[in-house]
J.: 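Provided herewith is a single structure, encoded as structure tokens, for subsequent inquiry.
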Protein chains: 2
Amino acid sequence: MRMAELSHTSGCTVATIKYYLRQGLLMPGQGTAVTQATYERRHLDRLRLIRVLREVGDIPVARVGEVLAAIDDTQRPLVDVLRAAHHALGPAPVDEGPGHAEARREVVGYVVSRGWDVDPRAPSFDVLAGALTALRRLGYPCSPEVFSDYADAAFALAGAELDGGFIDPSGGPAATVAQVVVGTVVYEQALSALRRLAEEHHSNRRFGVPVAKKTGRRRR
Amino acid sequence: MRMAELSHTSGCTVATIKYYLRQGLLMPGQGTAVTQATYERRHLDRLRLIRVLREVGDIPVARVGEVLAAIDDTQRPLVDVLRAAHHALGPAPVDEGPGHAEARREVVGYVVSRGWDVDPRAPSFDVLAGALTALRRLGYPCSPEVFSDYADAAFALAGAELDGGFIDPSGGPAATVAQVVVGTVVYEQALSALRRLAEEHHSNRRFGVPVAKKTGRRRR
């Protein structure tokens, strides 16, 4: 297909596709010039993957390049490719306030002590350390054990994701990376929303009259 | 105390305190002029609460005013005050793409069918509907039942939060709102981070050799 059709079918503008070509994220088509080249199914698949990484994963272009390089390296074991995707999803550490490095060591030690097999460089440790330091700063002295219920739930959910077949490596590393990004990001949004709704439910049950059964009189 | 001490003790700049005074978020001190007025413990407590709402909850100033008004309304049942805080934490609906309204009806119906007592206007329904439409757009046809494991986990966690005494209404509505904001936001960050770390663990166990035990040879 030509550039115009690639743009139409992928949903990416021509300018965006040219940008990805210049950045080396998209392999060149066959032909004499960018707009006169011929593109194939693999170009479309690559653009779809880039969209998932950029739009769902919110991954910066430079880090998208790293994930794609890992996918393209046929010598690289799948587990390494998936770890690269996991880490690319993590936020870049910002605004590391006082106590962050110490809190980070504590949460890494906590997670390792639970027997989790995780790279200590995982950016999610920065998020977890940030939550610990936030609690301390706000006047709740605590150790990482305060997160134990959440760790148990997270461990069970993540295991069920793999058991449920949502992550299926049979389609190759590119398709598997897309599943990992969608599974991680979209279900995280759903889990956060459901927890907030559940908190409202339990708060209503604990402290008030049910919304659905509210009458003219209000109970205090 | 004078303005300078209020600023120093609260950690808010004088300019910020004056802004909150102008916006009506902070009650005026006793005195003839802003900087010559005398401020008390209740001013300090209010500033601390505003900081939690603004900095932890990331709540816009206008919505902070709504939550504070709910707290200050002594006729208002605690459950209503907490619901106002929950909803203020929710994102303002943005970028509602095609299928959002229908997906929102579906997720509200799903949550209600589980027996959850939640106001259908809760902004978390927009987030949950967004996750559903994202999955569909990305080529995973699904119903809200796809979130059932997450709903079960969220329900159990939110219940444990109340049972664990983290939300203790004995300190009055202002202190309870601060607990709700910290509990909702900070533990959500921790839960998301822990789920990502658990995903990495399960991915390592399923697809590769453990990081800690990696040798020179790599298993494919």
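Since the model is a prediction, treat every value here as computed from it, not as a measurement. Each chain gets a letter, A, B and so on, in the order the sequences are listed, and its residues count up from 1.
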J.: Under 4.5 Å from any heavy atom of chain A, what part of B/Ala151 do you find: side chain, backbone, both or neither?
T.: both
J.: Taking A/His202 for the side chain and B/Phe155 for the main chain, is one N or O donor matched with an acceptor at less than 3.5 Å?
T.: yes
J.: As an exercise, state the distance from CG of B/Asp126 to CD of A/Gln189, rounded to the nearest 0.5 Å.
T.: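 The distance works out to 12.5 Å.
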J.: Does B/Asn204 offer a backbone N or O that forms a donor-acceptor pair with the side chain of A/Asp117 under 3.5 Å?
T.: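 Such a contact is absent between A/Asp117 side chain and B/Asn204 backbone.
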J.: Say whether, by atom type as modelled, one donor and one acceptor occur between the side chain of A/Arg195 and the main chain of B/Ala153 under 3.5 angstrom.
T.: no
J.: Checking heavy atoms, do the side chain of B/Tyr187, its backbone, both or neither come under 4.5 Å from chain A?
T.: both
J.: Could you have a look at A/Ala158, A/Gly115, A/Ala85, A/Gly130 and say which one has the most heavy-atom pairs with chain B under 4.5 angstrom?
T.: A/Ala158
J.: Got more than 12 heavy atoms from elsewhere within 6.0 Å of CZ, B/Arg121?
T.: no
J.: Can you check whether A/Asp163 reaches B/Arg206 side chain to side chain, under 4.5 Å on heavy atoms?
T.: yes
J.: Side chains of B/Phe207 and A/Val81: closer than 4.5 Å at any heavy-atom pair?
T.: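 With C-beta onward as the side chain, the pair stays apart.
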J.: Would B/Val185 and A/Arg196 satisfy side-chain contact (heavy atoms from CB on, under 4.5 Å), going step by step from the backbone distance to the final call?
T.: CA-CA 9 Å; B/Val185 173; A/Arg196 291 179 177 211; 4.2 Å; yes
J.: Taking all non-hydrogen atoms of both residues, which atom of B/Val79 and which atom of A/Ser203 are closest, and how far apart?
T.: CG2-O, 3.9 Å
J.: Quick check for you: to the nearest 0.5 Å, what is the distance between A/Glu199 atom CD and B/Leu162 atom CG?
T.: 8.0 Å
J.: Pick one of side chain, backbone, both or neither for B/Val111, based on which atoms fall under 4.5 Å of a heavy atom in chain A.
T.: side chain
J.: Check whether B/Ala190 gets within reach of chain A through its side chain, its backbone, both or neither, counting any heavy atom under 4.5 Å.
T.: both
J.: Does any heavy atom of chain A fall under 4.5 Å from the side chain of B/Leu82, the backbone, both, or neither of them?
T.: side chain
J.: If you count heavy-atom pairs within less than 4.5 Å of chain B, which of A/Ala198, A/Gly164, A/Ala122, A/Gly90 leads?
T.: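 Of the candidates given, the most pairs with chain B belong to A/Ala198.
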J.: Heavy-atom count check: over 12 atoms from other residues, nucleotides or ligands less than 6.0 Å from A/Asp58 CG?
T.: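 No, because the 6.0 Å sphere around CG of A/Asp58 holds 12 heavy atoms or fewer from other groups.
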J.: Is there a donor-acceptor contact under 3.5 Å from the side chain of A/His86 to the main chain of B/Leu197?
T.: no
J.: Quick one: which of B/Ala129, B/Ala134, B/Ala154 has the most heavy-atom pairs under 4.5 Å with chain A, could you say?
T.: B/Ala154
J.: For each of A/Thr184, A/Val112, A/Leu128, A/Val186, tally heavy-atom pairs with chain B at distances under 4.5 Å, and name the one with the top tally.
T.: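 Of the candidates given, the most pairs with chain B belong to A/Thr184.
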J.: Look up atom CG in A/Leu194 and atom CG in B/Asp149, then write down how far apart they are to the nearest 0.5 Å.
T.: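 If we round to the nearest 0.5 Å, A/Leu194:CG and B/Asp149:CG are 11.0 Å apart.
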J.: Between B/Val180 and chain A, with a heavy-atom cut-off of 4.5 Å, which part of the residue counts as in contact: side chain, backbone, both or neither?
T.: neither
J.: Which atoms of B/Leu132 are under 4.5 Å from chain A, going by heavy atoms: the side chain, the backbone, both sets, or neither?
T.: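 For B/Leu132, neither part sits under 4.5 Å from chain A.
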J.: At a 4.5 Å cut-off on heavy atoms, which part of B/Leu138 comes close to chain A: side chain, backbone, both, or neither?
T.: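 When you check distances to chain A, only side chain atoms of B/Leu138 fall under 4.5 Å.
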J.: Between A/Val146, A/Asp152, A/Ile167, A/Thr176, which residue shows the highest count of heavy-atom pairs closer than 4.5 Å to chain B?
T.: A/Val146
J.: Relative to chain A, which segment of B/Val107 carries a heavy atom at a distance below 4.5 Å: side chain, backbone, both, or neither?
T.: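 Neither the backbone nor the side chain of B/Val107 comes within 4.5 Å of chain A.
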J.: So, taking the atom named CH2 in A/Trp116 and the one named CZ in B/Arg205, what distance separates them when rounded to the nearest 0.5 Å?
T.: 12.0 Å
J.: Report the option among A/Glu55, A/His87, A/Arg114 that has the most heavy-atom pairs separated by less than 4.5 Å from atoms of chain B.
T.: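 Most pairs with chain B among the choices: A/His87.
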J.: In Å and rounded to the nearest 0.5 Å, what is the CZ to CZ distance from A/Arg51 to B/Arg137?
T.: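 These two atoms lie 8.0 Å from each other.
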